[in-house]
Structures are given as C-alpha cells and as structure tokens.
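The next block holds one structure in the form of structure tokens; read it before the comments.
For this chain, numbers begin at 1 and follow the sequence in order. Computation of the quantities below employed the complete heavy-atom set of this structure, encompassing side-chain atoms and omitting hydrogens, waters and symmetry-equivalent molecules.
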Amino acid sequence: MKIIRVTYFALATLFSVASCSKEATEPDVYDWADGKIYFRPTLSDVASSRAQDMTLDKLESFQVTCFNIPDIKEGKTSPHFENATFVRKSDSSVETAFISSPFEEPHDWPKTNGPVRFFAFSPSIEVMTESFSSDMDFDESRYFKLNKATAASTGSIRYALGVLRINPDISRQFDFVTAEASGERWKDFVGGVDLAFKHQFSQVELKAWGNSEKYNFDIAGVRLGNPVVNSTYFFADDFNIERSGQWSQGTRNKGKVEYLFTGTNVTDPNNTQNVGDKIYRISSRQHNTQASAASIMGLGGCAMVIPTKNDAWEGLEDTNIGNIPYSTDKMYFSILMRVSDVNSGNVVYPYPGNKSSMTVVSYAIDSDGKILTRLFKDDTSGTYFTDAEHQHRYTVTQGVETADFGWAAVPVSVEWEAGKKYVYTLDYSEGIGLHDPEDPEPGKLIVGQSPVEWSVSVSGWDYAEENDDYTPDLDVP
C-alpha cells in the first residue's frame, strides 16, 4: 500500500440536494436599512461531474440560528432566533443576497444593537430528515442542541448540530456545509453579513484496475465498512472562533454505507428517463493499467462521510474472528463482484454450488452490460423475483443474463479530514480480496489468491473533468 498526497489550493465541493422545496415570493421593495438581517454567502465553484455539486448558484436556502452575545455573557442561553430559513433574493441589487423566508416571520437585528453570532448550515433540517426513510427511527428534534462547555474559567457555551446521520445508501446522501460569523447592525445592515460556507464531510471515491491473466472481474456495487455514520458537529464557542468546525470525539456510531448498482426499471430523480448502471469490467482488455482505472461508484456517485481515523480490518488475524456472530469496527472496503476464469469463462466467485458461504446478490443484465433489475431467487424452485418478498416473478427473456455477485473485502486504514477528497485505487492484478465480515467465513482469502493492493490520493475537492461520465464498456460472456 502506498499513499500519494496531492495538494490543491482551490477547494471544490460535494454533492447537493435542493435545500428548499417551496418557491418563495419576495417582496417588491426591500429596505436594507429597516432592521432586517440579510446575508451574502460564499461557496467555491466547481466544474461539472457525475455528482450533483453544491455551488453558490445551487444554494437556494440555508438555516441560521442567532445568539445575542451580550445575553450570552449575562448567562442567557436562549437564541435571538433559531433555525430560521434564509432564501435567495434573486432581484437584489446586492449580489447573492439572502433574506428571511417569506413563509416565516422576518428576522431583525436585536433592538439593543449589540453584537450577535450567527451559525448557519445547509441543507435544511427538513431535507436532512427527508433523506431517511420513516423506519430508521430518525428524530428531527435532536438536531441543533445548545451545549454548555464545562470550562468554568470562561463560562463558554458551545453550539452543536446534535446527532447528524449519514444515509447508508450513498445515492441518497446529502452535502453538509456550515458557516458562522459575528455581526452588528450599525456596520452590517447595508452591506449584509458575510457567510463563508465550508464543507464538513470527507469525500471518498473508489477506482479499480488489474492486469490478471487468470481472471475477469465484473463489478456491480461498493461498500464502505465502518465509517462513522452518526456524530455531533460543534460550531465555535462564544469566546474562541478558532474552535469552529469540530466533530465530536465522544459518541460516534459506526456502520456501513454502500451502493448496489441499480437497474433501468428505476426512474431517475428528475423523472426524465429510465436510467441504469452498467457493469464495470476489469480484464486483460479493459481497465488493465493503473492509468485506465476508472470510478466504480456507479450512478450513486462518491460517498460523503464524517471525518474519522480508523485502522484497517485485520481479517483472519483478528482475535475475535471465531466469534459467532462476528463483527468488527475496523475499516474495509467491499466490492460486489463476479469473477470468471479467462480461458473457460466459468464463474469462480461467487463459488458455484456453494453460495451458502457468502452473501450473494443477483441481477438481470442485458447484452451491453447494463443492469435491468435486481433479482431475488427462490432456492427451492430456482425461480427469480424482483422483490425480496417473492411477490413479483421475473421472466428471463432472450438476450438477458442472470448473474450472481458476491462481496470481496479490501482492508484499508483511513484518516479522513473535512473538506478533502480521498480517491482509492484498487489493484486486482494479483488478488481478489477477502470474504466480507458479514459472510459466514469472514477474512478468508477468496479463491486462495493474494490480498488486493491499494493506493490513495488526497486532495481538496478537486475540479472534475468536463466529460467525466460513467460510461464503461462491457461485453457480457
């Protein structure tokens, strides 16, 4: 394993979701001197890519909590206003001005004219809540809780977004940006308050290549095992703005985030056309050099994760490997793949006739390598269904192949920081990987091959290539 560190001076951005689903009606006249607060946010621009990127043009709204500093020093912890929505004023004479949402009461400067502190974030609580399904025990009320520091010498108070969660489905994750600033009416009512938003997640992308003369690899999904999926984000305290942007090192729940390639029966978010992922193939003819390695994230895009540091999973060397059920909190990537023999074309993984020793995911794939739908097999009858409950039977038609895929794990050590992108390149020239920690035989080498080598490049969120579309070719045998 080797680490390549690359430094960029231009930070770019992550994915985004629409931060406000309502169309705001703006007043015809807006008097900047009438005491109302407004903001001028900044956010670095980015070239187009597969991902939806949050840019200033796409930042339609954000939420702000304001504290009156004199009140804080007197021991009053109630905010001047809390979780107020500010929306873009498109006809403003001031560039990129954001004003109080017309669906909420206007928010004015305190009558005391004293200094205040602003804490802003996007997307909104509403969008973050909608990112999760109703069965995930998502508690909206746990967002943005006021936390009091224990330092009696300063009496400082910290402000936090409590229990921010990462969606386990990479395709449904949201960008998370924050900003904070101080202001006073007498100097900021004309020019507005500047808000410099920063990205508080890390971005992770996996690429793959290999020049094996023994095997072909077809990839249909990715998994990040044991990133932090649940944590608290702290803003600065009221006396030390340098303490901005810290994630809690206390309760930090780990889990897994993944993306299983989707079929053409799934409609894209814009409802314009049916879209589907295409199998990524590594063979002696495709992606057979490190320079030809390409993203294996599919239409799910790059993962967004809470910054963390974690050691690599030990595999069979884990002293707890014999425990049933087995679990680990160490870091690994797992790739959903089908491995076939170059000469015979026979599938060697998932193991034919012994699929009980691994987790198997099935797909229907057309002759161009595009996934049509995920399949669920009735092992008793051999019948395929398009749902796990076996209610909707699938009939295989001419030109369509049914294919099984299994997870192959790659232990990695990580040290992710906010605002940085980590591109991991996996080399399948000599190895296939280990059985996933969730398989019945975790840590065992697949087909007895060597572990997979990997390298990582680290940068700020880099500018994407203009034609960096995910269009790998595949000839399905």
Side-chain angles (χ1 to χ4, degrees), residues 16-26 35-41 43 54 58-69 71-72 76-89 97-110 115-132 138-148 157-167 174-183 185 188 192-201 230-238 241 244-248 306:
S16 73
V17 290
S19 299
C20 184
S21 58
K22 303 175 182 178
E23 293 184 3
T25 303
E26 298 171 354
K36 293 182 175 59
I37 296 172
Y38 75 102
F39 297 96
R40 294 187 304 170
L43 185 60
M54 179 176 286
K58 295 181 180 179
L59 184 66
E60 294 299 328
S61 71
F62 48 82
Q63 290 191 260
V64 181
T65 293
C66 173
F67 289 91
N68 190 329
I69 293 178
D71 286 349
I72 294 174
K76 302 175 183 178
T77 59
S78 298
H80 177 56
F81 58 80
E82 185 175 16
N83 287 335
T85 302
F86 281 75
V87 298
R88 182 185 299 272
K89 181 172 172 57
F98 279 65
I99 62 175
S100 294
S101 169
F103 297 103
E104 301 177 2
E105 63 181 64
H107 300 287
D108 300 339
W109 291 95
V116 296
R117 292 290 302 279
F118 299 103
F119 302 94
F121 62 91
S122 181
S124 66
I125 289 177
E126 177 185 8
V127 169
M128 288 191 276
T129 303
E130 290 175 351
S131 171
F132 294 88
F138 185 81
D139 185 0
E140 177 182 335
S141 66
R142 298 171 73 187
Y143 273 94
F144 208 85
K145 304 284 279 187
L146 185 65
N147 290 268
K148 199 165 189 175
I157 301 172
R158 303 192 75 185
Y159 318 94
L161 278 166
V163 196
L164 196 150
R165 296 179 62 178
I166 297 293
N167 197 297
F174 51 77
D175 193 357
F176 174 56
V177 295
T178 69
E180 52 188 279
S182 299
R185 176 177 177 174
D188 293 314
V193 178
D194 293 328
L195 281 180
F197 280 94
K198 297 180 180 179
H199 293 266
Q200 301 301 347
F201 285 154
N230 197 352
S231 187
T232 297
Y233 174 80
F234 288 102
F235 288 96
D237 69 29
D238 57 320
I241 198 170
S244 172
Q246 296 181 358
W247 289 93
S248 170
I306 293 174

(message) Show the nearest heavy-atom pair for residues L195 and A120, with the distance to one decimal.
(response) CD1-CB, 3.9 Å
(message) Assess the residue pair S101 and F86 against the criterion (side chain to side chain contact (heavy atoms under 4.5 Å, CB included)); give the C-alpha distance rounded to whole Å, side-chain angles, the decisive distance to 0.1 Å, and a yes or no.
(response) CA-CA 5 Å; S101 169; F86 281 75; over 6 Å; no
(request) Quick one: pull up NZ in K198 and CD in E180 and give me the separation to the nearest 0.5 Å. (result) 8.5 Å
(request) Search all heavy atoms of S182 against all heavy atoms of R117 and return the closest pair with its distance. (result) OG-CD, 2.8 Å
(message) Run the ring-ring contact (aromatic ring centres under 6.0 Å, His included) test against F81 and tell me which residues pass, sequence neighbours left out.
(response) H107
(request) Using ring-ring contact (aromatic ring centres under 6.0 Å, His included) as the criterion, point out the one residue from F39, F197, F118, F62 that pairs with F98. (result) F62
(message) Between W109 and D188, is there a side-chain heavy-atom distance shorter than 4.5 Å?
(response) yes
(request) Spell out, as yes or no, whether a donor-acceptor pair under 3.5 Å connects the side chain of E104 to the backbone of A84. (result) no
(request) Look up atom NZ in K36 and atom CG in D108, then write down how far apart they are to the nearest 0.5 Å. (result) 5.5 Å
(request) Would you give the length of the straight line joining atom CZ of R165 to atom CG of N230, rounded to the nearest 0.5 angstrom? (result) 6.0 Å
(request) Run the numbers on W247 and I306 for side chain to side chain contact (heavy atoms under 4.5 Å, CB included), then give the verdict. (result) CA-CA 8 Å; W247 289 93; I306 293 174; 3.8 Å; yes
(request) Work out which heavy atom in S100 is nearest to a heavy atom in V87; give both atom names and the distance. (result) O-CG2, 4.3 Å
(request) Return the minimal non-hydrogen interatomic distance between A179 and A196, and the atom names on each side. (result) CB-O, 3.5 Å
(request) Heavy atoms only: give me the nearest S61-S122 pair and the separation to one decimal. (result) O-OG, 3.4 Å
(message) Using every non-hydrogen atom in the two residues, find where Q63 and N83 come nearest and quote the distance to one decimal.
(response) NE2-O, 3.1 Å
(request) Find the distance between CD1 (I166) and CZ (F176) and round it off to the nearest 0.5 Å. (result) 9.5 Å
(request) Check step by step if side chain to side chain contact (heavy atoms under 4.5 Å, CB included) holds for F201 and Y233. (result) CA-CA 10 Å; F201 285 154; Y233 174 80; over 6 Å; no
(message) Using a 3.5 Å distance criterion without hydrogens, assess whether the side chain of Y38 forms a donor-acceptor pair with backbone atoms of G192.
(response) yes
